[in-house]
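Below, read A as the first sequence line, B as the second, and so on, with proteins coming before strands; counting in each chain starts at 1.
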Amino acid sequence: MSDLDEAYQLDYFEEAGFHRQECAECGDMFWSRADRDTCGEPPCAEYGFIDTPGFDEEYALGEMREAFLSFFEKRDHERIDPYPVAANRWRDDVLLTQASIYDFQPLVTSGTTPPPANPLCISQPCIRMQDIDNVGKTGRHTMAFEMMAHHAFNAKEDIEDPGEYAYEGEVYWKEDTVRYCVELFEELGADVDELTLIEDPWVGGGNAGPAFEVIYQGAELATLVFMSLEQDPDGEYEMKDGNRYSEMDTYVVDTGYGLERWTWVSQGTPTVYEAVYPEMIAFLKDNAGIELTDEEAAIVHNAAKLAGRMDIDEAEDIEAERDTIAEQVGVDVSELRDLVAPLEEIYAIADHSRTLAYMLGDGIVPSNVGTGYLARMVLRRTKRLVDSVGVDAPLDELVDMQADRLGYENRDTIRDIVRTEVEKYRETLDRGGRRVRQLADDYAEKGEPIPTAELVELYDSHGIQPDMVEEIAAERGVDVDVPDDFYAVVADRHGGETGDHEESGTPYADRLAELPDTDRLYYEDQQRMEFEAVVLEVFDRDDDGFDVVLDQTMFYPEGGGQPPDHGHLSTDDVTVEVEDVQRYDGVILHTVDDDPGKGEFVRGQVEATRRKRLMQHHTATHIVVHAARQVLGEHIRQAGAQKGVDSSRIDVSHYDSVSREQVKEIESAANDIVQDNVPVTQQWPDRNEAEAKHGFDLYQGGIPAGEQIRLIQVADDIQACGGTHVARTGDIGTIKLLNTERVQDGVIRLTFAAGDAAIEATHRTEDALYEAADVLDVAPDDVPDTAARFFDEWKARGKEIEELKEQLAQARAAGGADTEEVDVAGTTAVVQRIDADMDELRAQANAVVEQGQIAVLGSGASGAQFVVAVPDGVEVDAGEVVGELAGRVGGGGGGPADFAQGGGPDGEKLDDALDDAEAILQSVANV
RNA sequence: GGGCCCAUAGCUCAGCGGCAGAGCACCUCCUUUGCAAGGAGGAAGCCCUGGGUUCAAAUCCCAGUGGGUCCA
């Protein structure tokens with residue numbers, strides 16, 4: 001077994017006079033020029049730069065960013081533009097960008113794709129949701145931050161095939177990385193003797209390596225990671241996660257310099273927030289009416305120096321830490337809390353507003369899934385803070401202040417989204433509040449606490465946090481039973497949701513791997529439907545069919561939401577139907593119904609109509625997304641698509657529902673592009689070039705692999721796409737939007753048809769209209785008015801019928817035909833058969849009861865039905881009578897004692913049953 | 001992608017197999033003319049849609065539609 005100790009022994013340390021020491025507090029090993037007791041990082045030390053800035057000059061955020069980037073530019077690093085904070089734009093394993101290295105994972109770090117430059121420097125906006133509880137409290141944590149970084153991508157020189165990786169040789173490694181770091185401190189005028197580099201091996205995402213945390217005056221200002229190991233059960237190194245790792249052929253310099261911290265240290269303000277967005281903090285304080293006396297300000301100021309202890313990840317007990325701080329500052333802990341708590345909330349508001357500006361500015365739309373869900377959580381939390389601390393500026397204005405600072409251009413949309421979301425939140429709270437109040441009243445009546453099960457239900461189904469329940473319940477004097485592991489209980493409810501779905505193994509994987517990649521003729525000429533090829537291999541399928549591999553093909557395999565082509569392959573002897581086409585790596589399998597013969601020469605014919613319709617729909621998909629963007633806004637992104645022969649659908653992100661007017665506008669905009677009849681072009685540019693030129697909006701339909709990607713341009717719209725397209729937009733003919741629906745909150749599904757399918761779809765809706773017009777016997781244009789009139793009349797008539805039934809019932813009760821009157825229990829019972837429906841029977845029964853008589857009514861309208869009603873004060877149970885009667889017709893019945901109904905299927909026994917009514921009444925009355 | 005909840009008067013909701021309900025709002029009248037006024041009366045329902053079970057469905061079951069919410 002070997003450890004990494006050796007990895008930290010650098011020549012540079014020796015040259016520059018650094019030596020290895022152990023922290024007396026935490027035991028970590030670190031390197032420093034001066035002799036020191038501790039590693040210098042809180043909680044082993046406190047912030048040393050507050051009031052005494054750590055550099056020669058004060059830097060604003062933008063100035064510090066520029067200082068860093070130009071420092072590395074001077075040292076031959078190319079400056080790269082930052083990537084979006086929504087990392088799921090270019091990778092599907094994470095949601096948000098949490099570090100600059102995320103920009104280059106997984107393709108660059110694995111050596112599959114070359115980096116955009118090597119070495120490079122960048123200042124990458126990042127969002128770390130896991131820091132959310134620390135924000136405001138520690139004085140140093142922010143959820144949104146910029147990670148300044150320089151990266152170098154190296155490959156070992158002594159490997160078998162140097163061309164195996166997209167970069168070759170070593171750019172630089174540990175020596176230069178550490179030297180750059182110290183030089184940067186020197187350039188800014190730091191006291192290098194105060195610098196410590198703590199040995200802190202890094203592990204993450206299947207990779208690992210030695211690393212330094214660079215501490216200056218109590219602040220962790222940089223992390224230098226030397227990513228050089230990968231997980232390997234037989235590996236030489238055991239890391240802190242308990243796994244074993246071995247060396248990789250590629251090794252990457254991954255550094256992180258927190259822009260906000262550097263800015264903070266340069267200014268020496270009590271917290272990072274005041275250094276980074278001073279005007280926003282001032283605005284919020286002023287708005288919330290927070291004014292401190294000089295004495296109070298001094299207390300806050302002194303506490304800030306110690307606030308580094310307040311880290312919920314590190315500290316055992318936050319409130320105990322607060323006690324300690326209060327003691328050291330010399331005030332009562334409650335006084336300290338009252339002073340500091342509102343400030344902490346203000347800091348958090350400023351940070352969260354910035355987080356939201358990044359998220360919404362980069363096109364994330366709040367919803368209940370994915371990044372949208374995270375945005376919603378942040379927004380709601382921020383709104384709570386704003387209300388709690390008493391800031392009365394609308395949230396969209398606060399987010400806009402940050403969006404303005406960050407230079408976003410889509411500020412109107414951002415504000416619109418925030419306003420919409422705040423309104424949704426308010427509605428949720430209204431709904432929830434009512435529900436909780438009612439629940440609290442229920443349990444107050446019972447004198448019981450609100451049980452955990454109710455809390456879980458409130459949270460899981462209605463989004464109401466337990467603390468809100470406690471608050472409202474307290475108003476009503478009801479206890480609430482909140483278990484410590486509340487969220488674990490919620491998780492239990494979701495238990496068993498292992499998302500492991502079977503990986504469909506490639507059939508005949510071994511033999512496929514030996515076959516050459518199939519030439520994809522459909523990319524050379526997407527309009528051609530015929531081709532010639534040689535059968536390289538035929539596989540027997542389990543289901544009687546065969547899988548054929550050709551040397552080249554015009555058949556498009558299923559992919560990118562486009563279904564496969566159909567058609568046939570012919571030899572001189574036999575013609576086989578192509579029923580399915582799939583791609584495995586580079587090899588394309590044609591599923592056919594018969595064996596064309598290995599080695600045979602075949603002519604292929606793609607079914608032209610199907611293909612044409614698929615191409616029309618595919619190109620139309622690009623156009624519709626583009627049109628939706630024009631109409632609804634730049635935040636529109638494709639969230640899934642399915643192309644078809646008769647219709648296609650695309651899901652796009654949008655924060656509101658789509659009005660009928662907007663649908664029409666989208667349809668018009670789409671058809672404008674069709675009518676312009678512009679060419680649809682494809683290119684195969686270098687990946688980095690394409691990303692740099694067009695951004696990550698290229699990857700709306702998914703993220704392709706490889707160094708070169710295929711781009712499809714339709715008018716102004718450019719997307720990475722592997723599908724087949726028409727030659728010119730005019731070939732689509734026409735695009736008809738068929739339907740829009742909200743598939744989930746924040747995602748809208750647009751269903752549309754293109755070309756002949758659009759005409760057919762129009763025929764269908766027109767047929768429906770004409771049929772309706774035919775039934776109503778009016779012209780199609782008059783259908784809406786006529787339908788409305790009919791509906792109104794229908795309602796009016798229903799009411800009229802009801803009234804008439806009542807009148808009829810009264811008339812009958814006054815003495816109609818077929819009535820038998822018997823004396824029961826001191827009153828008269830009316831036994832009558834009227835073949836009417838239940839409503840009429842009931843009306844009649846009520847009329848009889850009003851005259852103080854018992855009603856026993858039977859109807860043979862459908863089967864046999866009875867209603868028995870008894871006036872107040874008469875001792876006869878109507879339910880029992882009905883039960884007896886219904887029993888005689890093979891059914892059952894029941895109801896309250898004064899009004900019961902029932903029946904049965906044997907309608908022919910109805911009269912017999914009514915004949916027995918008197919006897920039944922007597923027997924029931926006698927009881 | 002998965003789970004759960006909801007849909008009844010204009011609004012907020014109750015009812016959970018047996019006559020469609022309450023509060024607020026609305027209309028008429030009376031009392032009082034003042035901070036959520038009081039009293040009497042009235043109007044207002046395709047109980048989301050479509051199937052099924054049942055003598056009987058707003059109520060139970062299935063499917064759909066629309067909304068909410070939690071998790072990955």
Side-chain angles (χ1 to χ4, degrees), chain A residues 88 92-95 367-371 373-374 376-377 380 424-425 427-435 437-439 441-442 453-465 486-501 639-640 651 657 739-747 790-792 794-795 797-799 802 805-806 809 837-847 849 855 858-869 878-879 882-883 885-907 909-910 913:
Chain A
N88 59 346
D92 50 20
D93 55 338
V94 292
L95 295 176
S367 75
N368 51 4
V369 291
T371 51
Y373 180 56
L374 300 180
R376 173 166 290 169
M377 273 175 54
R380 291 185 173 188
K424 278 187 191 168
Y425 185 42
E427 282 169 17
T428 300
L429 286 183
D430 276 359
R431 240 194 324 269
R434 277 195 304 270
R435 194 168 277 273
R437 263 183 282 281
Q438 198 181 339
L439 202 64
D441 287 345
D442 287 354
E454 295 280 10
L455 284 184
V456 172
E457 171 70 15
L458 284 171
Y459 176 67
D460 206 24
S461 299
H462 306 286
I464 304 160
Q465 260 92 0
F486 177 76
Y487 290 94
V489 176
V490 174
D492 264 359
R493 219 168 114 131
H494 294 265
E497 290 166 28
T498 46
D500 70 342
H501 38 93
D651 298 342
S657 52
N739 187 33
T740 64
E741 57 182 320
R742 270 222 294 187
V743 62
Q744 54 189 209
D745 199 15
V747 179
F790 275 39
F791 188 65
D792 287 345
W794 171 76
K795 283 203 285 191
R797 229 158 263 191
K799 231 171 280 175
E802 213 167 290
K805 276 182 185 169
E806 254 166 61
D837 64 24
M838 244 350 189
D839 283 344
E840 228 165 305
L841 246 53
R842 280 197 290 257
Q844 172 92 13
N846 283 330
V849 164
S859 162
S862 73
Q865 290 176 308
F866 304 100
V867 170
V868 176
V882 162
L885 287 169
R888 282 161 214 239
V889 293
D898 64 336
F899 195 101
Q901 45 202 301
D906 302 334
K909 294 184 185 160
L910 174 61

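The CG atom of A:D792 lies 11.5 Å from the CZ atom of A:R797; values are rounded to the nearest 0.5 Å. In this structure, CD on A:Q465 lies 9.0 Å from CG on A:L429, to the nearest 0.5 angstrom. To the nearest 0.5 angstrom, A:R437 atom CZ is 12.0 Å from A:L439 atom CG.
Between A:Q901 and A:M838 there is a side-chain heavy-atom pair separated by less than 4.5 Å. A heavy-atom distance below 4.5 Å is not found between the side chains of A:N88 and A:V94. Proximity of A:V889 to A:Q865: side-chain heavy atoms (C-beta onward) are nowhere separated by under 4.5 Å. Two residues are said to be in side-chain contact when any heavy atoms from C-beta on lie closer than 4.5 Å; A:E840 and A:K805 meet this criterion. Proximity of A:V849 to A:F899: side-chain heavy atoms (C-beta onward) are nowhere separated by under 4.5 Å.
Counting to the nearest Å, the C1' atom of B:C19 and the CD atom of A:Q844 are 15 Å from each other. Rounded to an integer number of Å, the gap from A:L455 CG to B:C4 C1' is 16 Å. Between A:E457 atom CD and B:C4 atom P there is a gap of 11 Å when expressed in whole angstrom units. Protein atom CD1 of A:I464 is 19 Å distant from nucleotide atom P of B:C4, rounded to whole Å. Nucleotide B:C4 holds its P atom 18 Å from the CD atom of A:E454, rounded to whole Å. When the P atom of B:C19 is taken as reference, atom CD of A:E802 falls 14 Å away, rounded to whole Å. The separation between A:D430 atom CG and B:U69 atom C1' is 16 Å, rounded to whole Å. Straight-line distance from the CG atom of A:L95 to the C1' atom of B:G1: 13 Å, rounded to whole Å.
Across B:C47 and B:A22, the matching C1' atoms stand 15 Å from one another, rounded to whole Å. With C1' as the reference atom, B:C35 and B:C30 are 23 Å apart, rounded to whole Å. Nucleotides B:A57 and B:G10, compared at atom P, are 24 Å apart to the nearest Å. Of the C1' atoms belonging to B:A63 and B:U53, the separation is 15 Å, rounded to the nearest Å. Between the P atoms of B:G68 and B:C13, the separation comes to 14 Å (whole Å). The gap from the C1' atom of B:C16 to that of B:A20 amounts to 14 Å, rounded to the nearest Å. Separating the C1' atom of B:C48 from that of B:U59 is a span of 15 Å, rounded to the nearest Å. Of the C1' atoms belonging to B:A14 and B:A9, the separation is 13 Å, rounded to the nearest Å.
The side chain of A:R380 approaches B:C70 more closely than any other nucleotide in the set B:G18, B:A14, B:C70. Of all nucleotides listed (B:G68, B:A14, B:C19), B:G68 comes nearest to the side chain of A:S461. Of the candidate nucleotides B:C19, B:G18, B:C70, B:C19 has the atom nearest to the side chain of A:D898.
Applying the salt bridge (charged side-chain N to carboxylate O under 4.0 Å, His left out) rule to A:E457 yields the partners A:R493; only residues at least two apart in sequence or on another chain are considered.
Comparing A:D839 and A:T428 by the nucleotide of RNA chain B whose heavy atom lies nearest to each, the residue mapping closer to the 5' end is A:D839.
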Evaluate the criterion side chain to side chain contact (heavy atoms under 4.5 Å, CB included) for residue pair A:T428 and A:R380; output intermediate values, then yes/no. CA-CA 11 Å; A:T428 300; A:R380 291 185 173 188; 3.9 Å; yes
Report all interatomic pairs (protein N or O, nucleotide N or O of nucleotides 6-12 of chain B) with separations under 3.5 Å.
from	atom 1	to	atom 2	distance (Å)
B:U12	O3'	A:R434	NE	2.8
B:U12	O3'	A:R434	NH2	3.0

What does the list of N/O pairs under 3.5 Å between the protein and nucleotides 54-58 of chain B look like, with a distance for each?
from	atom 1	to	atom 2	distance (Å)
B:C55	O4'	A:G903	O	3.1
B:C55	N1	A:G892	O	3.3
B:C55	O2	A:G892	O	3.3
B:C55	O2	A:G903	N	3.2
B:C55	N3	A:G892	O	2.9

Protein-nucleotides 22-26 of chain B N/O pairs closer than 3.5 Å?
none

Scan nucleotides 41-52 of chain B against the protein and return all N/O pairs shorter than 3.5 Å with their distances rounded to 0.1 Å.
from	atom 1	to	atom 2	distance (Å)
B:A44	OP1	A:K799	NZ	3.4

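A:E427 comes within 4.0 angstrom of nothing in the nucleic acid, heavy atoms only. A:N846 comes within 4.0 angstrom of a base, heavy atoms only.
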Could you write out RNA chain B as a dot-bracket string, with dots for unpaired bases, | for bases paired across to another strand, and Watson-Crick or G-U pairs counted at under 3.5 Å? (((((((..((((....[..)))).((((((.....)))))).....(((((..]....)))))))))))).
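The shortest heavy-atom contact between A:L910 and A:F866 is CD1-CE2, 3.5 Å.
Ring-base stacking between A:Y459 and B:U69 is not satisfied when judged by a centre separation under 5.5 Å and a plane angle under 30°.
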